[in-house]
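The figures that follow rest on heavy atoms only: side chains count, while hydrogens, waters and symmetry mates do not.
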Amino acid sequence: MKKWLIPIMIIAFLIAFYNQNNPHPNVVITVFAVVVFMFGMMKLSAKTPSKNQEEEIEEDE
(Lines give C-alpha, C1' and ligand atoms only; values in the text may rest on other atoms or scores of the structure.)
Protein backbone atom coordinates (compact mmCIF):
# COMPACT_ATOMS: atom_id res chain seq x y z
CA MET A 1 0.00 0.00 0.00
CA LYS A 2 2.87 2.34 0.82
CA LYS A 3 4.29 1.86 -2.70
CA TRP A 4 1.36 3.58 -4.38
CA LEU A 5 0.37 5.94 -1.56
CA ILE A 6 3.51 8.08 -1.59
CA PRO A 7 3.47 8.76 -5.38
CA ILE A 8 -0.23 9.64 -5.23
CA MET A 9 0.48 12.08 -2.40
CA ILE A 10 3.33 13.67 -4.35
CA ILE A 11 1.14 14.04 -7.44
CA ALA A 12 -1.68 15.60 -5.39
CA PHE A 13 0.81 18.00 -3.80
CA LEU A 14 2.18 19.04 -7.20
CA ILE A 15 -1.31 19.46 -8.68
CA ALA A 16 -2.36 21.69 -5.79
CA PHE A 17 0.65 23.95 -6.23
CA TYR A 18 0.49 23.94 -10.03
CA ASN A 19 -3.16 24.95 -9.85
CA GLN A 20 -2.27 27.95 -7.67
CA ASN A 21 0.07 29.28 -10.38
CA ASN A 22 -2.83 29.76 -12.80
CA PRO A 23 -4.36 33.24 -13.15
CA HIS A 24 -7.74 31.83 -12.03
CA PRO A 25 -7.10 28.75 -9.87
CA ASN A 26 -9.88 26.20 -9.65
CA VAL A 27 -10.87 25.83 -6.00
CA VAL A 28 -12.40 22.38 -6.51
CA ILE A 29 -9.15 20.95 -7.88
CA THR A 30 -7.14 22.49 -5.06
CA VAL A 31 -9.50 21.17 -2.38
CA PHE A 32 -9.53 17.70 -3.93
CA ALA A 33 -5.72 17.62 -4.09
CA VAL A 34 -5.41 18.74 -0.47
CA VAL A 35 -7.96 16.13 0.67
CA VAL A 36 -6.06 13.37 -1.16
CA PHE A 37 -2.78 14.56 0.37
CA MET A 38 -4.23 14.70 3.90
CA PHE A 39 -5.84 11.28 3.52
CA GLY A 40 -2.45 9.89 2.48
CA MET A 41 -0.75 11.52 5.45
CA MET A 42 -3.38 10.05 7.76
CA LYS A 43 -2.79 6.56 6.35
CA LEU A 44 0.99 6.88 6.65
CA SER A 45 0.92 8.28 10.18
CA ALA A 46 -1.47 5.57 11.38
CA LYS A 47 1.40 3.09 11.10
CA THR A 48 3.66 5.16 13.36
CA PRO A 49 3.57 3.85 16.94
CA SER A 50 2.61 6.26 19.68
CA LYS A 51 5.41 7.48 21.95
CA ASN A 52 3.11 6.83 24.92
CA GLN A 53 2.33 3.27 23.85
CA GLU A 54 4.73 1.71 26.39
CA GLU A 55 3.22 3.74 29.24
CA GLU A 56 -0.31 2.65 28.26
CA ILE A 57 0.71 -1.00 28.29
CA GLU A 58 2.26 -0.69 31.77
CA GLU A 59 -0.86 1.03 33.15
CA ASP A 60 -3.11 -1.76 31.85
CA GLU A 61 -1.15 -4.41 33.72
Side-chain angles (χ1 to χ4, degrees):
M1 181 169 102
K2 194 174 183 181
K3 291 180 181 179
W4 59 270
L5 191 60
I6 293 175
I8 288 175
M9 289 175 49
I10 292 171
I11 290 169
F13 182 77
L14 293 174
I15 288 173
F17 275 102
Y18 176 76
N19 188 35
Q20 291 300 313
N21 289 335
N22 293 336
H24 302 288
N26 190 343
V27 177
V28 175
I29 293 174
T30 304
V31 168
F32 182 72
V34 169
V35 167
V36 169
F37 181 77
M38 293 305 240
F39 180 75
M41 288 299 292
M42 180 183 70
K43 288 290 190 182
L44 286 177
S45 66
K47 298 193 183 278
T48 306
S50 173
K51 67 179 182 179
N52 298 328
Q53 187 175 11
E54 293 176 5
E55 294 174 5
E56 291 173 359
I57 293 172
E58 291 175 2
E59 290 176 4
D60 290 339
E61 293 175 355

Report task. Please report the closest heavy-atom contact between A33 and A16, naming both atoms and the distance. Result -> CB-CB, 3.7 Å
To the closest 0.5 Å, what do you measure between [atom1] ([X]) and [atom2] ([Y])?
X	Y	atom1	atom2	value
M41	L5	CE	CG	9.5 Å
I8	F39	CD1	CZ	10.0 Å
M9	W4	CE	CH2	11.0 Å
I15	N19	CD1	CG	9.0 Å
I11	Y18	CD1	OH	15.0 Å

Report summary line: From the list N26, I29, T30, side chain to side chain contact (heavy atoms under 4.5 Å, CB included) with Q20 holds only for T30
Query raised in the report: Do V27 and V35 sit in the same hydrophobic cluster, where Ile, Leu, Val, Met, Phe, Trp and Tyr count as joined when their side-chain heavy atoms come under 4.5 Å apart?
Result: yes
Query raised in the report: If you group Ile, Leu, Val, Met, Phe, Trp and Tyr by side-chain heavy-atom gaps below 4.5 Å, do F17 and V31 land in one group?
Result: no
